[in-house]
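Throughout, a chain's letter reflects where its sequence line sits, starting with A, and its residues are numbered from 1. Keep in mind that the numbers below use all heavy atoms, side chains included, and drop hydrogens, waters and symmetry copies. Quantities reported herein were computed from a predicted structural model and do not represent experimental measurements.
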Protein chains: 2
Amino acid sequence: MAPRNKVTLKKIAELLKVTPATVSKALHDSSDISDAMRKKVKKTADKLGYRPNILARTLIQHRSFLLGVIIPDLRISFFSESSRGIYERARKRNYETILMVHDEKHEIEKENLEFLSDLHVDGILLNPAPGKFNYDVYDKLVEEGIQIVCYDRKLDDYNFPSVTIDDRKASYILTCEMLRLRRRKILFLGPNKGISVARERYLGYLDALSAYKVALNPDYVIPSDLSQTHSYEKMKSALDRGIEPDAVVCVGALVAYGAGNAILDSGLSIPDDIILGEFGDNDINSRLGVPFLTINQNPYKIGQAAVDLLVQNIEAKEKVVSEHIIIETKLLRREYGIRRHRSV
Amino acid sequence: MAPRNKVTLKKIAELLKVTPATVSKALHDSSDISDAMRKKVKKTADKLGYRPNILARTLIQHRSFLLGVIIPDLRISFFSESSRGIYERARKRNYETILMVHDEKHEIEKENLEFLSDLHVDGILLNPAPGKFNYDVYDKLVEEGIQIVCYDRKLDDYNFPSVTIDDRKASYILTCEMLRLRRRKILFLGPNKGISVARERYLGYLDALSAYKVALNPDYVIPSDLSQTHSYEKMKSALDRGIEPDAVVCVGALVAYGAGNAILDSGLSIPDDIILGEFGDNDINSRLGVPFLTINQNPYKIGQAAVDLLVQNIEAKEKVVSEHIIIETKLLRREYGIRRHRSV
DNA sequence: ATGGTTTTCGATAACGTTTAAGCTAATTTA
DNA sequence: TAAATTAGCTTAAACGTTATCGAAAACCAT
């Protein structure tokens with residue numbers, strides 16, 4: 001491959017008949033360099049549009065000013081929103097971000113992590129895929145000194161700093177609202193173990209039931225993974241075998257999409273027949289006619305806080321801050337009703 | 001910053017009491033190396049979990065096996081779908097992808113491009129932000145030999161290879177379907193110049209009108225940018241000032257969200273009162289109750305084709321293939337109706 | 001003038017690879 | 001059997017930076 005036609009320190013140095021070292025120091029405002037030289041160097045660097053080669057710099061400095069962000073799925077609006085908060089905050093703090101998607105699959109998450117390590121990112125904002133797997137990757141990252149902060153989801157076996165909502169409480173509030181609206185046959189759909197978020201949300205669901213003195217019906221706890229298709233099937237088959245809920249607590253956004261479609265495909269309406277509840281973003285009306293009760297997770301703020309925490313850890317000299325930040329949530333109700341349409 | 005605790009060629013070389021060159025060649029199956037040595041090297045590299053330092057390699061080879069992907073917005077499902085096609089195809093061809101979002105803003109697109117150039121990506125899959133701006137960045141990329149392929153959107157002033165749908169035809173088909181359904185007061189909402197996609201779609205809209213011998217009502221052409229909020233305002237104010245359409249052709253997905261919310265907020269129903277039409281993805285039912293006519297753009301396939309074209313150009317020895325690939329579309333109709341809900 | 005400090009720059013090595021060229025010993029060729 | 005080739009490794013330079021050390025020049029105080 002042909003070498004890239006780029007302006008380098010060397011070329012600037014040759015041009016000014018000084019050494020690369022001098023140019024480097026001048027650009028970094030080192031006290032080693034005279035004002036005259038500093039100005040001259042900066043002027044020509046500007047004129048030629050010089051941009052430092054971050055590969056070379058990272059190689060020697062072990063510092064890339066790169067942050068990796070690993071998320072499960074682009075279609076989950078919580079993650080598109082929080083990604084924005086992350087990007088903007090990171091830029092303000094002079095870091096670039098690299099977004100990777102694991103699609104709820106461990107192999108891909110592992111690939112993502114390895115790639116980010118290969119790129120020598122300074123830190124990673126992580127949403128792990130659910131379930132158990134070989135933890136060697138995490139150990140390796142820790143060993144390499146790559147800082148990790150979890151947001152939204154946490155890892156059980158690692159005490160990485162995190163920024164999350166109080167999932168148990170949020171789920172409690174969500175379920176209570178359903179109960180307040182006189183619903184009693186409330187389904188819980190999604191994983192209820194493995195991933196921390198799901199476990200906590202399940203506990204909140206139980207809390208609410210017992211607060212309203214409603215007995216738990218084991219048939220109403222329907223395990224599924226976090227995918228839309230699987231959730232659809234689970235919900236559909238529940239309805240098909242005669243289970244008639246009047247509300248559904250969905251662990252994830254895609255779970256809610258799947259459940260919603262299953263409900264509509266069964267000829268039922270939302271929210272008249274069944275109230276759907278989920279955990280989403282703050283842009284409640286951005287999606288047309290998704291008539292859920294929604295826990296606003298404040299994704300933008302979560303993203304920002306996560307960056308702050310991560311950068312704080314990266315730039316800490318010695319001691320590493322391990323903190324668990326909780327972001328406040330709010331219950332929102334959408335305004336639209338939805339049902340199968342007859343004909344156009 | 002402390003150096004990363006990583007396995008390097010050097011360490012492997014020391015361990016085996018050979019030189020780094022030998023190790024490098026052994027790992028690359030060079031004919032310079034004996035079978036015995038090759039095996040020995042590979043075994044210990046495996047055992048130690050060696051991963052080559054791509055920074056160092058890229059520095060010398062001018063070849064990163066990295067592809068940049070620039071998209072406008074994560075919330076547009078076309079892009080989340082196509083990103084998946086891109087990621088998977090790229091991996092199959094031994095490239096990693098880096099996703100960047102410009103949020104329809106030129107400054108950010110420019111930052112994205114510069115960052116990707118800094119990272120020494122081999123090529124970029126580009127969806128430019130709409131409107132005019134300083135083209136220096138593009139020129140610089142071309143000069144640096146970074147291959148560029150556009151998909152979905154094209155750049156007017158550069159003949160970069162591209163993968164798109166036939167926007168004019170698709171828009172024609174979409175509008176015709178509205179006309180076939182006896183709608184005559186059809187709005188066109190969104191930009192109708194600047195960005196190529198918008199221009200083409202506007203032409204298709206005109207084509208359909210004249211095919212059905214419907215006169216163009218200039219009041220029905222409502223310019224807006226591609227953002228949801230702006231589209232909402234434009235649609236709302238149109239309805240408020242007494243314009244009563246029975247269908248709306250939306251240039252983009254976020255435009256459609258904005259328009260849809262405006263319609264519902266005005267107490268009108270979709271699609272009974274107003275049919276919404278947009279250009280979307282193939283997962284028509286993934287979004288709950290978005291009751292549009294949708295042109296299925298086959299995003300997954302577009303993504304794959306774009307990667308193929310880009311990689312082909314990157315790996316071409318001399319001549320660079322400049323091709324414009326057209327992907328077939330299909331008109332889909334969603335099944336749900338939607339209106340404002342009265343009470344829970 | 002002397003000695004000491006400060007300012008300003010250069011020389012050199014290093015980061016982890018790849019690669020062209022060089023060297024030695026073994027093997028082949030005439 | 002001497003010359004030529006080949007196999008198998010090492011040397012050294014390079015990619016574009018940064019960091020450390022050293023040296024010359026300038027400044028300052030006595």
Side-chain angles (χ1 to χ4, degrees), chain A residues 1-42 45 48-66 117-120 122 144-145, chain B residues 1-42 44-45 48-66 117-122 144-145:
Chain A
M1 202 126 193
R4 294 280 151 80
N5 189 15
K6 284 207 169 194
V7 188
T8 68
L9 267 191
K10 278 189 183 175
K11 288 184 196 161
I12 296 180
E14 278 174 30
L15 211 79
L16 299 179
K17 311 223 184 294
V18 292
T19 64
T22 306
V23 177
S24 173
K25 286 186 229 170
L27 291 175
H28 288 90
D29 291 321
S30 157
S31 59
D32 261 17
I33 301 296
S34 67
D35 276 4
M37 177 64 82
R38 191 199 331 278
K39 274 182 194 157
K40 202 166 64 172
V41 167
K42 284 193 173 177
L48 301 181
Y50 170 73
R51 307 202 99 220
N53 185 323
I54 57 178
L55 306 184
R57 175 194 286 168
T58 303
L59 202 54
I60 183 168
Q61 283 195 150
H62 309 284
R63 187 92 165 74
S64 61
F65 287 91
L66 254 44
S117 158
D118 289 349
L119 264 189
H120 290 238
D122 293 336
E144 288 171 11
Chain B
M1 201 129 194
R4 294 280 150 80
N5 189 15
K6 284 207 169 194
V7 188
T8 67
L9 267 191
K10 278 187 180 176
K11 288 184 195 160
I12 296 180
E14 278 174 32
L15 211 79
L16 299 179
K17 311 220 184 297
V18 292
T19 66
T22 307
V23 177
S24 173
K25 286 188 220 168
L27 292 175
H28 288 91
D29 292 322
S30 157
S31 60
D32 264 16
I33 302 297
S34 68
D35 275 5
M37 177 62 82
R38 191 199 330 280
K39 274 182 195 158
K40 201 164 66 172
V41 167
K42 284 192 173 178
T44 62
L48 300 181
Y50 169 74
R51 307 203 98 220
N53 185 324
I54 58 178
L55 306 184
R57 175 194 285 168
T58 303
L59 203 54
I60 182 168
Q61 285 194 146
H62 308 284
R63 189 91 165 74
S64 60
F65 287 92
L66 253 44
S117 159
D118 289 349
L119 264 188
H120 290 240
V121 297
D122 292 336
E144 289 171 10

Undergrad: Just the rounded figure in Å: distance from P of D:dA19 to CG of A:Leu59.
TA: 13 Å
Undergrad: Between atom CZ of B:Arg4 and atom CG of A:Asp122, what is the distance when rounded to the nearest 0.5 Å?
TA: 6.0 Å
Undergrad: Whole-Å distance between D:dT18 C1' and A:His28 NE2?
TA: 8 Å
Undergrad: Which comes earlier along DNA chain D counting from the 5' end, the contact point of A:Arg57 or that of B:Ala56, where each point is its nearest nucleotide?
TA: B:Ala56
Undergrad: From A:Ile54 CD1 over to A:His120 NE2, what is the distance, rounded to the nearest 0.5 angstrom?
TA: 12.0 Å
Undergrad: Taking all atoms of both residues into account, what is the closest heavy-atom pair of B:Glu144 and A:Asn5, and its distance?
TA: CG-O, 4.1 Å
Undergrad: Distances for protein N/O vs nucleotides 9-11 of chain D N/O pairs under 3.5 angstrom?
TA:
unit_1, atom_1, unit_2, atom_2, d
D:dC9, OP2, B:Ser34, N, 3.1
D:dC9, OP2, B:Ser34, OG, 3.1
D:dC9, N4, B:Asp32, OD2, 2.9
D:dT10, OP2, B:Thr19, N, 3.1
D:dT10, OP2, B:Thr19, OG1, 3.1
D:dT10, OP2, B:Thr22, OG1, 2.4
D:dT10, O4, B:Lys25, NZ, 2.7

Undergrad: Would you grab the first and last nucleotide of DNA chain C (5' to 3') that comes under 4.0 Å of any non-hydrogen atom in chain A?
TA: C:dT8 to C:dG16
Undergrad: For B:Leu119 versus A:Leu66, what's the shortest heavy-atom pair and its separation?
TA: CD2-CD2, 4.4 Å
Undergrad: In whole angstrom, what separates A:Lys10's NZ from D:dT17's P?
TA: 9 Å
Undergrad: Please report, rounded to the nearest Å, how far the P atom of D:dG16 is from the CD atom of A:Glu14.
TA: 11 Å
Undergrad: Taking all non-hydrogen atoms of both residues, which atom of A:Lys10 and which atom of A:Pro20 are closest, and how far apart?
TA: CG-CG, 4.3 Å
Undergrad: Between C1' on D:dG16 and CG on B:Asp118, what's the gap in Å once rounded to a whole number?
TA: 13 Å
Undergrad: Begin with the C-alpha distance, continue with both residues' side-chain angles, and end with the deciding distance and a verdict on side chain to side chain contact (heavy atoms under 4.5 Å, CB included) for B:Val41 and B:Leu16.
TA: CA-CA 8 Å; B:Val41 167; B:Leu16 299 179; 3.8 Å; yes
Undergrad: Could you tell me how far apart B:Ile60 (CD1) and D:dA13 (C1') are, to the nearest whole angstrom?
TA: 9 Å
Undergrad: Do side-chain atoms of A:Lys6 reach the backbone of A:Arg51 as a donor and acceptor pair under 3.5 angstrom?
TA: no
Undergrad: Expressed in angstrom and rounded to an integer, what is the separation of A:His62 atom NE2 from D:dT17 atom P?
TA: 17 Å
Undergrad: Donor-acceptor check, side chain of B:Ser64 to backbone of B:Thr58, threshold 3.5 angstrom: yes or no?
TA: no
Undergrad: Please name the pair of heavy atoms, one in B:Val7 and one in B:Tyr50, separated by the smallest distance, quoted to 0.1 Å.
TA: O-CD1, 3.3 Å
